[in-house]
Asks: 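Below: one structure in structure tokens.
Lettering of chains follows the sequences in order, A, B, ..., and the numbering in each one begins at 1.
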Number of protein chains: 2
Amino acid sequence: MSEQDAAGRIYAVMRRLVLEADDRKQHVVDALGMSYIRSRALRALAVEPIRMTELATRLVTDKPYTTLVVDDLEARGLVVREQDPDDRRCKIVKITPAGREAADTATRIITAPPTELVALPPEDLEALDRILGKLQHP
Amino acid sequence: MSEQDAAGRIYAVMRRLVLEADDRKQHVVDALGMSYIRSRALRALAVEPIRMTELATRLVTDKPYTTLVVDDLEARGLVVREQDPDDRRCKIVKITPAGREAADTATRIITAPPTELVALPPEDLEALDRILGKLQHP
DNA sequence: GGAGATAGTTGTAGTGCTATAACTGTTATA
DNA sequence: TATAACAGTTATAGCACTACAACTATCTCC
């Protein structure tokens with residue numbers, strides 16, 4: 001029984017558990033009534049206010065499209081743009097209370113562990129937690 | 001230390017390991033020189049020949065778009081359409097040897113466990129294999 | 001001070017995919 | 001037999017997002 005085989009099986013289970021998350025994406029889209037990248041923008045901004053260029057980087061998209069996304073979120077009252085006092089070229093995008101609420105909803109949907117995982121016995125969960133906790137953070 | 005917390009942490013690690021798979025999608029797209037759904041179609045057909053309608057169902061897309069995808073794959077010599085002998089309305093789509101090769105490439109890319117997982121000690125891998133093997137297949 | 005780089009906006013074009021309609025040929029069922 | 005349903009194709013429109021160009025205002029650095 002090779003470790004490569006075991007790792008392959010382990011990874012297959014993980015992929016199943018997470019990729020059923022595809023309908024979590026759709027769930028987020030439905031719950032928030034916006035495209036998924038907009039929810040990702042909200043979640044990024046819920047962490048801290050950032051510049052437009054930094055937001056584009058975090059969303060792995062380009063500046064013009066980021067402008068479009070933020071325009072829409074601002075129109076929905078979920079974010080505000082403010083002038084950066086340190087550099088007059090720059091805008092800081094901040095999340096509003098309503099935006100934070102939406103971001104929290106999205107986060108809850110995305111991060112909820114599958115019921116079959118939660119249903120594992122405590123000693124199994126403890127072992128998984130311990131082992132997976134060893135993995136490197138890249 | 002609640003089980004819900006442990007499950008949340010466990011799931012977060014899984015999500016990280018799998019969602020870095022987003023660049024696996026891109027890797028597949030680059031390696032095969034086609035859109036991702038085309039690679040998914042090839043992988044479905046590599047299992048067994050199926051009807052167009054069944055293929056659309058498996059791809060979770062609609063019949064007109066499935067026609068477009070299969071048209072392209074057929075033009076590339078990766079699949080062939082044949083008349084279903086049991087029902088003259090139906091076509092069976094079969095993969096060609098070249099298509100099978102492309103599907104195998106995609107599968108290899110997608111299913112390869114992350115190196116940090118493979119690098120875990122054997123007893124940890126065995127434990128993960130055993131525990132995750134208990135999860136229900138939905 | 002001036003040249004070059006950067007921030008964010010405005011604009012255009014294209015791709016992948018969803019959604020829908022309509023059609024011809026075929027099958028199933030009342 | 002007639003009607004309804006189904007298979008697959010052709011066609012159209014729209015959305016989300018990528019990619020790129022160009023612009024004005026501002027900043028950095030030689």
Asks: Please list, in numerical order, the residues of residues 56-70 of chain B that have a heavy atom closer than 4.0 Å to any atom of DNA chain C.
Replies: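 Contacting residues: B:Val60, B:Thr61, B:Asp62, B:Pro64, B:Tyr65.
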Asks: Applying salt bridge (charged side-chain N to carboxylate O under 4.0 Å, His left out) to B:Glu123 and A:Arg130, what does each step give before you reach the verdict?
Replies: CA-CA 13 Å; B:Glu123 60 271 15; A:Arg130 177 175 48 78; over 6 Å; no
Asks: Ignoring hydrogens and geometry, is there a side-chain-to-backbone donor-acceptor pair from A:Tyr11 to B:Leu17 under 3.5 Å?
Replies: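 A pair under 3.5 Å: yes.
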Asks: Answer yes if A:Tyr36 and A:Leu42 sit in the same cluster of Ile, Leu, Val, Met, Phe, Trp and Tyr residues linked by side chain heavy atoms under 4.5 Å apart, and no otherwise.
Replies: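 They do share one cluster, since a chain of ILVMFWY contacts under 4.5 Å joins A:Tyr36 to A:Leu42.
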Asks: Which residues, if any, of residues 28-54 of chain A bring a heavy atom under 4.0 Å of DNA chain C?
Replies: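 Heavy-atom cutoff 4.0 Å gives A:Arg51, A:Met52, A:Thr53.
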Asks: Got a donor-acceptor contact below 3.5 angstrom from the A:Gln83 side chain to the A:Cys90 backbone?
Replies: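 A pair under 3.5 Å: yes.
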Asks: Quick one: list whatever passes side chain to side chain contact (heavy atoms under 4.5 Å, CB included) with A:Thr111, sequence neighbours left out.
Replies: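 Once residues adjacent in sequence are excluded, the partners of A:Thr111 under the side chain to side chain contact (heavy atoms under 4.5 Å, CB included) criterion are A:Arg43, A:Thr107, B:Arg15.
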Asks: Salt bridge check: are A:Arg76 and A:Glu101 linked by an N-O gap of less than 4.0 Å?
Replies: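 Answer for the salt bridge query: no.
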Asks: Is the number of heavy atoms from other residues, nucleotides or ligands within 6.0 Å of CD (B:Glu54) greater than 12?
Replies: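 Yes, because the 6.0 Å sphere around CD of B:Glu54 holds more than 12 heavy atoms from other groups.
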Asks: Hey, can you pull the residues of residues 74-96 of chain B with a non-hydrogen atom under 4.0 angstrom from DNA chain C?
Replies: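 Listed by number, they are B:Asp87, B:Arg88, B:Arg89.
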Asks: Shoot me the first and last contacting nucleotide of DNA chain D against chain A, ordered 5' to 3', at under 4.0 angstrom to non-hydrogen atoms.
Replies: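 Contact span on the strand: D:dA16 to D:dC27.
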Asks: Please determine whether the number of non-hydrogen atoms from other residues, nucleotides or ligands lying under 6.0 Å from atom NZ of B:Lys134 exceeds 12.
Replies: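 Yes.
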Asks: With no hydrogens and no angle check, is any side-chain donor or acceptor of B:Thr96 less than 3.5 Å from a backbone partner on B:Gly77?
Replies: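 Side chain of B:Thr96 to backbone of B:Gly77: a pair is present.
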Asks: Does the pair B:Asp5/B:Arg9 count as a salt bridge with the N-to-O cut at 4.0 Å?
Replies: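 No.
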Asks: So does B:Arg81 get a backbone contact from the side chain of B:Glu74, meaning a donor-acceptor N/O pair under 3.5 Å?
Replies: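 Yes: the side chain of B:Glu74 pairs with the backbone of B:Arg81.
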Asks: Excluding sequence neighbours, so at least two apart, what forms salt bridge (charged side-chain N to carboxylate O under 4.0 Å, His left out) with A:Asp30?
Replies: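 With neighbours one apart ignored, the set is empty.
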